[in-house]
Protein chains: 2
Amino acid sequence: MADNTGSNSADIFIAKFSSYIDLSEQEQEVIEALTQNSMTVDEGQDIILESEKSSSAYLLQSGWAIRYKVVPDGGRQIISFLLPGDIFGFRESLFDLSDDSVQALTPIIVHRLPAEKIAEICDSFTNLSLALTWARAREHAILAEQIVRLGRRNAYERLGHLLLELLHRLQLVDKAGSSEYYLPLTQEILADTLGLSIVHVNRTLRKLRNDKMIELDPKTRRLRILNKEALSERTGYDQSFLDQLGDPSRSPQEAIGSD
Amino acid sequence: MADNTGSNSADIFIAKFSSYIDLSEQEQEVIEALTQNSMTVDEGQDIILESEKSSSAYLLQSGWAIRYKVVPDGGRQIISFLLPGDIFGFRESLFDLSDDSVQALTPIIVHRLPAEKIAEICDSFTNLSLALTWARAREHAILAEQIVRLGRRNAYERLGHLLLELLHRLQLVDKAGSSEYYLPLTQEILADTLGLSIVHVNRTLRKLRNDKMIELDPKTRRLRILNKEALSERTGYDQSFLDQLGDPSRSPQEAIGSD
DNA sequence: TTCGCGCATTTACATAGGTTATCCTTGATA
DNA sequence: TATCAAGGATAACCTATGTAAATGCGCGAA
C-alpha cells in the first residue's frame with residue numbers, strides 16, 4: 001500500500017500543517033504511517049453518531065462531510081462542513097461529549113486514529129501536538145464565523161459569505177480553482193446550514209445569480225463566483241479571517257516565530 | 001499573598017478540572033502558583049482586542065466577560081460568555097488568529113498566563129495539558145449549541161435556552177442557586193448574543209414573564225427561573241448537554257476511564 | 001434639586017423570511 | 001417505456017421579527 005512516488009495520501013495533511021508548523025522528517029513519517037489504511041464511507045452514512053461514543057479521531061482524505069445536530073422538533077442544524085484535510089472526532093475521542101453527529105455528504109475516504117494512538121503521538125511529537133492544537137483553533141474560528149453569519153447577517157449575506165468561505169477553504173487544499181469549485185450541496189443542506197428555509201435559499205440563490213455574483217449549474221454542481229471582490233464587499237466577508245488559517249504562502253517561520 | 005486557609009483563588013479552577021480530571025498534588029500547586037497574581041479589568045474594558053496579538057492566556061477568576069466580533073455595518077455579535085472558572089486567550093496566544101475580542105461585562109479579576117508558561121506547563125504536566133484540552137472541548141460544545149440556537153430556534157426558545165444554559169454553567173462553579181442567579185446583561189447584550197433586536201428581546205422577555213417562566217428584576221438583575229422543567233421542554237434545552245461539561249457529581253474516574 | 005443619560009417599555013408600522021402547495025426536470029428502476 | 005423519487009423553481013399568502021419613535025424611570029453629576 002505504501003508508495004514513495006512523492007504523491008501519497010499523507011500529502012494533504014503534511015501540506016496543511018506545514019503552512020503553519022515545521023514538521024520534522026520523523027513527524028512527516030508518522031503522518032504517512034497514519035494514513036496508510038483508509039476506509040471509505042458512503043454518501044449519507046453517519047460516521048459519528050450523536051451520543052455514541054467513538055474512541056477514534058479521523059483524518060478526512062477526500063470528500064465532504066457535515067457535523068450536525070438535530071433539534072427536538074425534528075429540524076437539523078449543520079454546525080460545520082468538513083473538507084479534505086480536516087480532522088474530526090478527536091474531541092469526542094478524549095471525552096464523552098460528542099453531542100453532534102458527523103455524516104458523509106459525498107462518498108468519503110477517512111483514516112481512523114484510535115484514541116491511544118493520538119495520545120501517544122501527542123506525547124512524543126511536540127509539533128504534531130501543536131498541529132492538533134492549531135487544527136482545533138482553526139475549527140474554533142470557523143465556528144465563530146458561523147455564529148456571526150447566523151446572528152448578524154441576512155439570507156443574501158449568509159449565502160454569499162458561506163460560498164466564499166468554502167472557496168477559500170477548498171483553495172487551501174487545492175480543491176478549487178481561482179473562483180470555481182465543485183459544490184455537492186443541495187438547497188436543503190444550505191438551508192440547514194444557514195438557518196433558512198429551502199424556499200428562501202432558492203430565492204436567494206436566484207438573486208445571487210441575477211446580480212451576476214455567481215453561476216451555479218445544478219447538473220454538474222459546479223459553482224463559479226463571478227465577482228469575488230463585489231461579493232466579499234456585499235456580504236462582509238473578511239479575506240483575512242481565513243488567510244490566518246493556514247495560507248500556504250506564509251512561511252512557517254514567519255508564522256510561528258512572530259510576536 | 002499565598003494562603004493555606006483552604007479557600008484561595010485557585011479553588012475554582014481546581015474544582016472545575018477535578019470534575020473531569022484527577023490532578024496530582026503537584027499539579028494543584030502549579031495552578032495555585034499561577035493564580036497568585038491577579039489583575040482587575042473594569043467593566044467595558046477590552047482584554048483582548050481584535051487583531052491585537054496577545055501572547056497570554058487568562059484564567060477568569062470572577063465576573064462576566066464576552067467574546068464578540070463586530071461586523072462591517074457596525075453591528076456586534078457576541079460569540080460566547082465567559083464566566084468565572086473559564087479560560088480564554090490561549091488559542092490566540094499560540095497562533096495569531098485572535099479574530100474576536102474579549103470585553104469585561106462587569107468588573108472582573110483575571111490571572112494572566114504568558115504563552116511560554118503555558119507551553120512549559122503542558123510539556124511537564126500531562127493532566128494539566130489534558131485539562132486544557134478538555135476546556136477547549138467544552139468551549140467547542142458551547143459554540144455548537146449557540147449555532148443551533150441561532151440557526152434553528154425562534155426568539156422565545158433562544159432566550160429561554162440561553163438563560164437555562166447560563167444557570168447551568170453558573171451552578172457548576174457555584175455562582176447560582178438552584179434556579180436563580182445574578183444576570184448582569186442588558187437587553188442590548190442579549191440582543192447581540194441572540195441575533196435579535198433590542199425591542200424583540202424586550203417583547204420576548206415579557207412573554208417569558210407572562211408565561212410564568214421567569215422573574216427578572218431589572219433593579220437587582222436577579223433572574224429566577226420559575227419552572228425549569230417547562231422551560232427546558234419549551235425551548236428544547238437538553239440537560240445532558242452541559243452535564244457532560246463537568247458536572248461535579250460525576251466521579252473523575254468514571255468520566256475518564258469510560259470506554 | 002435638577003439635568004441628562006442609560007436602560008427598559010410600548011406602540012405603530014414595515015419587511016425578511018417561513019409555509020404550503022404545485023409543477024418541472026432528471027435520472028434511477030422496473 | 002412507464003413509473004417514481006429527489007431536487008429544483010415559483011407563486012400566494014402568512015408571521016415572526018425588525019425599525020422608528022416616543023415615554024418613563026432611576027441614578028449619578030453638577
Side-chain angles (χ1 to χ4, degrees), chain A residues 42-44 64 71 73-77 103 105-107 149-162 182-211 214-223 234-236, chain B residues 42-44 71 73-77 103 105-106 149-163 182-211 214-223 234-235:
Chain A
D42 285 345
E43 180 180 341
W64 290 47
V71 288
D73 64 32
R76 171 176 69 167
Q77 175 65 43
Q103 180 176 102
L105 279 187
T106 68
R149 225 170 6 223
L150 290 173
R152 282 291 171 236
R153 297 193 219 271
N154 62 28
Y156 192 95
E157 293 162 345
R158 284 184 212 180
L159 244 178
H161 193 276
L162 176 65
Y182 171 65
L183 180 78
L185 306 182
T186 62
Q187 298 186 350
E188 181 178 11
I189 291 189
L190 287 171
D192 286 347
T193 304
L194 299 174
L196 300 169
S197 67
I198 300 183
V199 175
H200 201 59
V201 166
N202 185 289
R203 277 199 276 256
T204 309
L205 278 173
R206 186 185 355 149
K207 211 172 288 178
L208 281 164
R209 265 191 256 106
N210 286 345
D211 289 355
I214 64 168
E215 265 173 25
L216 176 54
D217 182 345
K219 306 287 155 54
T220 66
R221 306 238 112 129
R222 205 82 203 163
L223 174 84
R234 179 79 170 66
T235 64
Chain B
D42 286 345
E43 180 179 341
V71 287
D73 64 31
R76 171 177 69 167
Q77 175 64 45
Q103 179 176 101
L105 278 188
T106 67
R149 222 165 14 218
L150 290 172
R152 282 293 171 233
R153 298 192 219 270
N154 62 28
Y156 192 95
E157 294 162 345
R158 284 184 212 180
L159 244 177
H161 193 275
L162 176 64
L163 295 177
Y182 172 64
L183 180 78
L185 307 182
T186 63
Q187 298 186 352
E188 182 178 11
I189 290 190
L190 287 170
D192 286 347
T193 304
L194 299 174
L196 299 170
S197 67
I198 300 183
V199 174
H200 201 58
V201 166
N202 185 288
R203 278 198 276 255
T204 309
L205 279 172
R206 190 192 342 155
K207 211 173 288 176
L208 281 164
R209 267 190 255 106
N210 287 345
D211 289 355
I214 63 168
E215 264 172 24
L216 176 55
D217 182 346
K219 307 287 153 54
T220 67
R221 305 239 112 130
R222 205 82 203 163
L223 174 83
R234 180 78 170 66
T235 64

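Just so it is clear: chains get the letters A, B, ... in the order the sequence lines come, proteins before strands, and each one is counted from 1. Remember, it's a predicted structure, so these values are computed and weren't measured experimentally.
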Is the Lys NZ or Arg CZ of A/R234 less than 6.0 Å from the centre of A/Y156's six-membered ring, within 45° of the axis? yes

Any side-chain heavy atom of [X] within less than 4.5 Å of one from [Y]?
{"X": "B/R206", "Y": "B/N210", "result": "yes"}
{"X": "A/E157", "Y": "A/T204", "result": "no"}
{"X": "A/R153", "Y": "A/R149", "result": "yes"}
{"X": "B/L183", "Y": "B/L163", "result": "yes"}

Taking all heavy atoms of [X] and all of [Y], pick out the closest pair and write down the distance.
{"X": "B/L150", "Y": "B/R158", "answer": "O-NH2, 3.4 Å"}
{"X": "B/N202", "Y": "B/Q187", "answer": "ND2-OE1, 3.1 Å"}
{"X": "B/I198", "Y": "B/A191", "answer": "N-CB, 3.8 Å"}
{"X": "A/L196", "Y": "A/H200", "answer": "CD2-CD2, 4.2 Å"}

Please find the earliest and latest nucleotides of DNA chain C, in the 5' to 3' direction, that have an atom within less than 4.0 Å of any heavy atom of chain B. C/dC7 to C/dA12

Between CG of B/L205 and CG of B/L190, what distance do you get to the nearest 0.5 Å? 6.5 Å

So, taking the atom named NZ in B/K219 and the one named CZ in B/R221, what distance separates them when rounded to the nearest 0.5 Å? 11.0 Å

Donor-acceptor check, side chain of A/T106 to backbone of A/W64, threshold 3.5 angstrom: yes or no? yes

With a 4.0 Å heavy-atom cut-off, tell me which residues in residues 150-158 of chain B come close to DNA chain D, sorted by residue number. B/N154, B/A155

With the sugar-phosphate defined as primed atoms, P, OP1 and OP2, and the base as all remaining atoms, what B/S/- string results for nucleotides 5-14 of chain D, 5' to 3', for protein heavy atoms under 4.0 Å? --SSBBBB--

What bend angle does the helix from C/dT1-D/dA30 to C/dA30-D/dT1 show across its length, from five-pair end axes and to the nearest 10 degrees? 30°

All N/O contacts under 3.5 Å from nucleotides 25-28 of chain D to the protein, with atom names and distances to one decimal?
none

Give every residue pair that meets the salt bridge (charged side-chain N to carboxylate O under 4.0 Å, His left out) criterion with at least one member in residues 185-195 of chain B, sequence neighbours excluded. A/R152-B/D192, B/R76-B/D192

For A/L196, report the nucleic acid contact type (base, sugar-phosphate, nothing); a contact means any heavy atom under 4.0 Å. sugar-phosphate

Single hit among B/T193, B/I214, B/L194 for side chain to side chain contact (heavy atoms under 4.5 Å, CB included) with B/L159: B/L194

